[in-house]
Amino acid sequence: MNPLNASAESLAAAYLADGSLPPLPQGHWIDGAECPAASGATLESLDPGLARPLAEFAAGDAEDVDRACQAAARGLAVWRRSAPGARAQVLRAMATLLRQRVGWLAVVDSLDSGKTLAEAQGDVISSARLFEYYAGHAETLEGASIPIGPDHMSWTLREPVGVTAHVIPWNYPTSTFARGIAPALAAGCSVVAKPAETSPFTALLMARWLVEAGLPPGVVNVVTGLGSTAGAALVAHPLVRHVTFTGSVPTGVRVAQAAAPQIASLTLELGGKSPLVALSDCDVEAAAEGALWAIYSNAGQVCSAGSRLVVQRAVHEPLLAALLRRTRALRVGHGLRNPDMGAIHSAQQLHRIAAMVDGARARGREVLAGGSMGADEAADTGWFYRPTILDDLPPDDPCVREEIFGPVLAVQVVDDDAQALAAANGTDYALMAGIYSRDIGRALRLARDIDAGQVTVNDYWAGGVQVPFGGNRHSGYGREKGSEGLSAYLVTKAITARIQS
Ligand code: NAP
Ligand code: MG
């Protein structure tokens with residue numbers, strides 16, 4: 001079957017029946033063409049739902065990265081001079097291709113990452129929205145005229161920062177690619193992207209589809225390979241002027257150090273330990289539904305997951321009862337079966353999650369739900385962890401302070417609003433917070449005082465491509481999405497002329 005116009009369901013059914021899958025791209029995408037690693041080396045990607053090989057791809061190193069950066073520098077020379085309307089047209093055409101090919105890209109995304117088909121389809125549509133949204137911005141990048149006196153004229157130009165590097169994580173390989181690449185292209189920048197070594201395929205597909213959409217070759221390049229070789233070479237490359245990195249804090253620190261000698265600017269999105277705060281007057285059923293998907297979406301492998309439930313004592317019991325009822329009903333399985341919760345991305349990640357929960361158990365903490373591995377169907381032999389709730393943890397418990405990046409909810413019980421605020425702000429992270437309350441004034445006072453890049457009220461995942469996203473403190477700096485998401489890719493040039501005759 002031609003995967004480009006096949007439905008997600010038919011592709012998924014064929015794969016689950018006998019492992020059949022249309023061919024995936026194998027090489028890097030450099031200068032508008034597929035090419036193997038200069039060294040000839042390859043890596044193997046695994047299907048997290050079955051823990052078995054999916055496909056091979058190029059294991060790039062510094063030589064491939066250099067070729068890609070040289071291609072991006074040539075691409076930049078063309079793209080930065082393109083008309084804003086032409087840029088917008090390419091981005092819109094890309095959005096159309098993504099919508100037409102949602103089935104194939106979602107199946108690849110699900111196999112790449114382990115997420116459910118519904119989550120993958122949602123992520124492809126979010127990616128299409130990002131290209132549409134920044135297509136609009138491509139034509140509205142205006143500077144300012146600045147009055148400085150009768151003898152001069154002064155105005156600003158907003159110019160592309162140059163070649164940009166994008167280091168993509170495995171939890172959202174598709175939308176993290178679109179979130180950085182769409183504004184970079186709208187701004188007139190060129191791109192070299194390095195997807196995670198365990199989820200390389202959707203970036204490779206999207207890069208070639210951008211050329212189909214009309215993007216000149218060399219403007220977007222993708223080098224696959226290990227973070228420690230290809231990733232490290234990319235963020236330290238002298239041609240790179242901006243690095244957009246999404247991943248862990250320790251790797252973020254290394255990336256910032258590697259970018260410093262070139263004085264490359266940075267956007268760092270480093271994860272979180274975000275609280276969902278349920279106040280005593282909340283709608284308990286709505287808060288339970290919010291808390292459920294805040295933590296179990298993408299099996300908890302979300303930087304902005306609501307991984308802590310900060311609940312006031314007055315509603316602790318009914319809220320936990322409503323949440324437990326929902327949690328126990330969740331089906332866990334291979335992403336392409338489209339259950340409620342898919343796989344954990346890797347064996348390494350699964351064992352990290354299990355070790356965190358086992359540690360809590362050894363400290364005598366109460367495991368209300370989950371706390372073990374496994375899927376519902378015996379055929380799903382990959383990496384799965386049951387949706388888990390750890391009740392009434394003290395503020396210094398490692399499961400409260402550290403990002404677990406799995407389906408593990410840490411519950412903290414507090415009495416008043418001051419304690420709720422202290423708990424919400426009580427970790428090194430400051431990415432996101434959700435508040436549930438029927439009193440909007442009370443909720444908004446808390447929203448004002450919480451340290452986070454974004455706060456939602458009575459709808460944990462409220463937002464969209466228009467809303468800026470990013471963190472403070474150890475969650476990183478810089479903002480993506482929204483009109484602010486463009487600023488990383490633009491530099492201002494002021495031109496001032498003497499006009500006195
Ligand atoms: P990671 O090491 O931070 O990886 C993120 C990305 O950085 C991947 O593309 C990785 O490539 C690349 N990378 C690794 N070392 C690099 C280097 N020296 N220079 C440049 N790029 C480099 O994260 P991980 O090991 O996959 O996951 C560990 C933890 O990170 C998770 O448990 C979770 O807590 C956190 N995490 C957060 C997010 C988020 O959305 N903020 C996303 C993913 C993970 P390779 O994959 O090839 O190593
Ligand atoms: Mg890694």
Side-chain angles (χ1 to χ4, degrees), residues 95 98-99 109 115-116 118-137 168-169 171-183 186 244 246 267-278 282-283 286-310 403 405 424 429-437 440 443-444 446-473 475-488:
L98 288 171
R99 288 181 187 281
D109 188 60
K115 67 182 75 220
T116 68
E119 287 170 330
Q121 285 166 316
D123 211 49
V124 174
I125 297 305
S126 299
S127 305
R129 288 287 300 124
L130 284 157
F131 281 102
E132 283 158 3
Y133 177 76
Y134 286 110
H137 275 281
I168 316 283
N171 56 335
Y172 285 93
T174 304
S175 62
T176 311
F177 180 90
R179 190 169 83 184
I181 274 76
T244 295
T246 307
T267 303
L268 294 180
E269 209 275 82
L270 305 180
K273 192 74 194 183
S274 301
L276 184 151
V277 183
C282 72
D283 175 335
E289 190 66 18
L292 185 84
W293 294 114
I295 182 62
Y296 301 131
S297 292
N298 212 38
Q301 301 162 111
V302 189
C303 50
S304 48
S307 51
R308 294 188 292 140
L309 174 61
V310 175
E403 188 175 46
F405 228 64
Y429 292 103
L431 184 58
M432 171 152 175
I435 301 167
Y436 279 73
S437 169
I440 192 72
L444 291 180
L446 202 52
R448 178 194 59 197
D449 293 340
I450 286 178
D451 185 10
Q454 46 277 311
V455 182
T456 54
V457 176
N458 291 331
D459 181 0
Y460 188 80
W461 291 119
V465 295
Q466 308 90 336
V467 182
F469 179 82
N472 304 333
R473 292 193 282 136
S475 293
Y477 48 75
R479 294 292 179 266
E480 299 190 84
K481 303 201 301 178
S483 49
E484 259 195 76
L486 277 164
S487 58

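Just so you know, residue 1 is the first one in the sequence shown, and it goes up from there. Atom set for the values below is all heavy atoms of this structure, side chains included, hydrogens, waters and symmetry mates excluded. This structure is a prediction, so every number in the text was calculated from the model and none was measured.
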Keeping [X] on the side-chain end and [Y] on the backbone end, is there a donor-acceptor pair under 3.5 Å?
X      : Y      : value
Gln454 : Gly470 : yes
Ser175 : Ser126 : no
Tyr133 : Ser483 : yes
Ser475 : Ala430 : yes
Tyr172 : Cys303 : no
Asn298 : Asn171 : yes
Tyr429 : Arg473 : no
Trp293 : Trp461 : no
Ser297 : Ala294 : no

Search all heavy atoms of [X] against all heavy atoms of [Y] and return the closest pair with its distance.
X      : Y      : value
Leu130 : Lys481 : CD2-CG, 4.3 Å
Ala447 : Val455 : CB-CG1, 3.8 Å
Ile435 : Ala443 : CD1-O, 3.4 Å
Asn472 : Gly453 : ND2-N, 4.1 Å
Ala287 : Cys282 : CB-SG, 4.0 Å
Gly485 : Pro183 : O-CB, 3.9 Å

I need the [X] [atom1] to [Y] [atom2] distance, nearest 0.5 Å.
X      : Y      : atom1 : atom2 : result
Leu431 : Ser304 : CG    : OG    : 5.5 Å
Ile125 : Arg99  : CD1   : CZ    : 5.0 Å
Tyr460 : Ile295 : OH    : CD1   : 8.5 Å
Tyr477 : Leu268 : OH    : CG    : 4.0 Å
Phe131 : Leu98  : CZ    : CG    : 6.0 Å
Leu276 : Leu309 : CG    : CG    : 6.0 Å

Once salt bridge (charged side-chain N to carboxylate O under 4.0 Å, His left out) is applied, what residue pairs with a partner in residues 457-471 remain, sequence neighbours excluded? none
Mind checking whether Thr246 and Arg179 have side chains closer than 4.5 Å, heavy atoms only? yes
Taking the side chain as everything from C-beta on, heavy atoms only, tell me whether Asp109 gets closer than 4.5 Å to Pro173. yes
Regarding Glu403 and Lys273, does a basic nitrogen lie under 4.0 Å from an acidic carboxylate oxygen? no
Pairing of Arg479 and Glu269 as salt bridge, 4.0 angstrom limit: no
Hits for ring-ring contact (aromatic ring centres under 6.0 Å, His included) against Tyr134, two or more places apart or cross-chain, chain-then-number order -> His137
Apply salt bridge (Lys or Arg N to Asp or Glu O under 4.0 Å) to Glu119 and list each qualifying residue two or more places apart in sequence or on a separate chain. none
